[in-house]
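Count residues from 1 along the sequence. Remember, it's a predicted structure, so these values are computed and weren't measured experimentally.
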Amino acid sequence: MHCLVVKAHPLSESLCSFLTQRAVTTLQAAGHQVVLEDLYAEKFDAALTPVERAEHYENPYPVDAVAAQAGRLVAAEAIVLVFPTWWFGFPAILKGWFDRVWCPGVAYEHAEDLGPLKPKLGNLRHTLAVTSLGAPWWVDRLVMRQPVKRVLKTGIVGVCAPQCRFEMLAIHKSEKLSKKQVERFAGRVEQALSAWPV
């Protein structure tokens, strides 16, 4: 499959960077075609421009500024998102990637009556979100009710690619992990990716 791996962490020695490399290596070893989108390394501009917002409902939508990223998104049959969960949400740069790249004409179309959005990512078959949290599991699941997972699964992927199989793996208390715990979690990522069809 054409796999797009999107990394959203500013530090090259971070847990997310380590997990990104494991994901890329696993996918390549299985025979998939892999494109890495390192948002911080590429200095992706997360801010929606005034023109983009003003023409949000125009047809065609002005996608020129993010045409390369949009092309990689449309071509992807599978996506791996690797990012930290900060304040129980996306890092700003990843939220900006959704705001600017998952745009009208690329990820969806507006209905004529501005009703439910019409999905456009018909190519996308698998999405795996891999995230790290400082909070313990029970705060994320029982208190906050997994807000990042709900937004991704239902509000983003579910809207733009309803046929896509979505999975999320989260590692908690990430500031206090042993090497054994990190390796165990990396093994779970590898196992999930190894189940994807070539």
Side-chain angles (χ1 to χ4, degrees), residues 4-24 36-50 52-53 56 65-66 69-70 72-73 76 79-104 106-108 117 121 124 126-161 164-179 181-186 188-189 192-193:
L4 177 63
V5 178
V6 180
K7 173 191 163 190
H9 198 290
L11 302 180
S12 61
E13 301 300 318
S14 65
L15 173 60
C16 284
S17 295
F18 170 75
L19 294 170
T20 298
Q21 189 53 55
R22 289 291 281 268
V24 169
L36 175 61
E37 186 106 46
D38 187 336
L39 298 179
Y40 278 97
E42 295 165 14
K43 295 181 171 56
F44 178 74
D45 188 349
L48 194 71
T49 69
E52 288 168 342
R53 182 55 205 167
H56 186 72
V66 292
Q69 292 88 351
R72 291 190 282 271
L73 173 61
I79 294 177
V80 182
L81 303 168
V82 188
F83 60 95
T85 293
W86 290 333
W87 293 109
F88 298 98
F90 301 115
I93 202 166
L94 182 58
K95 178 59 167 63
W97 183 72
F98 286 122
D99 288 346
R100 299 191 67 211
V101 180
W102 292 57
C103 61
V106 174
Y108 64 90
L117 301 179
L121 295 179
L124 189 58
H126 297 274
T127 296
L128 174 65
V130 179
T131 191
S132 59
L133 300 89
W137 71 267
W138 59 270
V139 174
D140 180 39
R141 294 185 186 179
L142 304 181
V143 178
M144 302 302 294
R145 301 192 180 198
Q146 296 181 291
V148 170
K149 182 177 181 179
R150 285 188 289 113
V151 169
L152 268 175
K153 183 177 181 179
T154 306
I156 299 178
V157 176
V159 169
C160 300
C164 180
R165 181 179 176 186
F166 177 84
E167 186 177 0
M168 184 164 178
L169 295 175
I171 186 164
H172 299 85
K173 300 183 75 173
S174 59
E175 287 90 355
K176 298 182 179 180
L177 297 172
S178 66
K179 289 184 179 180
Q181 288 172 310
V182 170
E183 278 298 326
R184 188 184 303 128
F185 184 74
R188 291 178 61 200
V189 173
L193 295 176

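- Residues that satisfy the side chain to side chain donor-acceptor pair (under 3.5 Å) test with Gln181, not counting sequence neighbours, are Ser178.
- Listed by chain and number, the residues in a ring pair (Phe, Tyr, Trp, His ring centres under 6.0 Å) with Phe83 are Phe90 (sequence neighbours excluded).
- Counting heavy atoms from C-beta outward, Pro91 and His9 have side chains that stay 4.5 Å or more apart.
- Summarising the geometry, atom CG belonging to Leu152 is positioned 8.5 Å from atom OG1 belonging to Thr127; distances are rounded to the nearest 0.5 Å.
- Nearest heavy atom pair, residue Leu124 against residue Cys164, reads O-CB, 3.5 Å.
- A distance of 7.0 Å separates CD1 of Ile156 from CH2 of Trp102, quoted to the nearest 0.5 Å.
- A distance of 5.0 Å separates CG of Leu121 from CG of Leu73, quoted to the nearest 0.5 Å.
- Qualifying side chain to side chain contact (heavy atoms under 4.5 Å, CB included) partners for Cys103, counting only residues two or more places apart in sequence or in other chains: Tyr61, Val63, Val106.
- For residues 148-159, no residue pair satisfies the side-chain hydrogen bond (donor to acceptor under 3.5 Å, both in side chains) rule, not counting sequence neighbours.
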side-chain contact (heavy atoms from CB on, under 4.5 Å) between Phe98 and Val151, worked out: CA-CA 11 Å; Phe98 286 122; Val151 169; over 6 Å; no
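- Applying the salt bridge (Lys or Arg N to Asp or Glu O under 4.0 Å) rule to pairs touching residues 91-101 yields Glu52-Arg100, Lys95-Asp99, sequence neighbours excluded.
- In plain terms, the two heavy atoms of Cys160 and Ala107 that are nearest each other are CB-O, 3.4 Å.
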Run the side-chain contact (heavy atoms from CB on, under 4.5 Å) check on Trp138 and Val143 step by step: do they pass? CA-CA 7 Å; Trp138 59 270; Val143 178; 4.0 Å; yes
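- The side chain to side chain contact (heavy atoms under 4.5 Å, CB included) search around Trp87 returns none, not counting sequence neighbours.
- When all heavy atoms of Leu39 and Ala8 are compared, the pair lying nearest together is CD1-CB, 4.2 Å.
- For Thr131, the side chain to side chain donor-acceptor pair (under 3.5 Å) partners two or more places apart in sequence, or in a different chain, are Thr85.
- Judged as a side chain to side chain donor-acceptor pair (under 3.5 Å), and not counting sequence neighbours, the contacts of Ser17 are Lys7, Ser14.
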Side-chain donor/acceptor pairs under 3.5 Å, residues 165-175, sequence neighbours excluded:
residue	atom	partner	partner atom	Å
His172	NE2	Asp140	OD2	3.3
Ser174	OG	Leu133	O	3.2

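- Of all heavy-atom pairs between Ile93 and Ala46, the closest is CA-CB, 3.8 Å.
- Legend: residues meeting side chain to side chain contact (heavy atoms under 4.5 Å, CB included) with Ala47, ordered by chain and number and at least two apart, are Asp45.
- Applying the salt bridge (charged side-chain N to carboxylate O under 4.0 Å, His left out) criterion to Arg22, with sequence neighbours excluded, gives Glu183, Glu190.
- The minimum heavy-atom distance linking Pro84 with Cys16 is given by the pair N-SG, 3.5 Å.
- Val66 is listed as a side-chain neighbour of Phe44, based on a closest heavy-atom distance under 4.5 Å.
- In this view, Val159 and Leu117 satisfy the side chain to side chain contact (heavy atoms under 4.5 Å, CB included) rule, not counting sequence neighbours.
- Distance check, rounded to the nearest 0.5 Å: CD of Gln69 to CD of Glu37 gives 5.0 Å.
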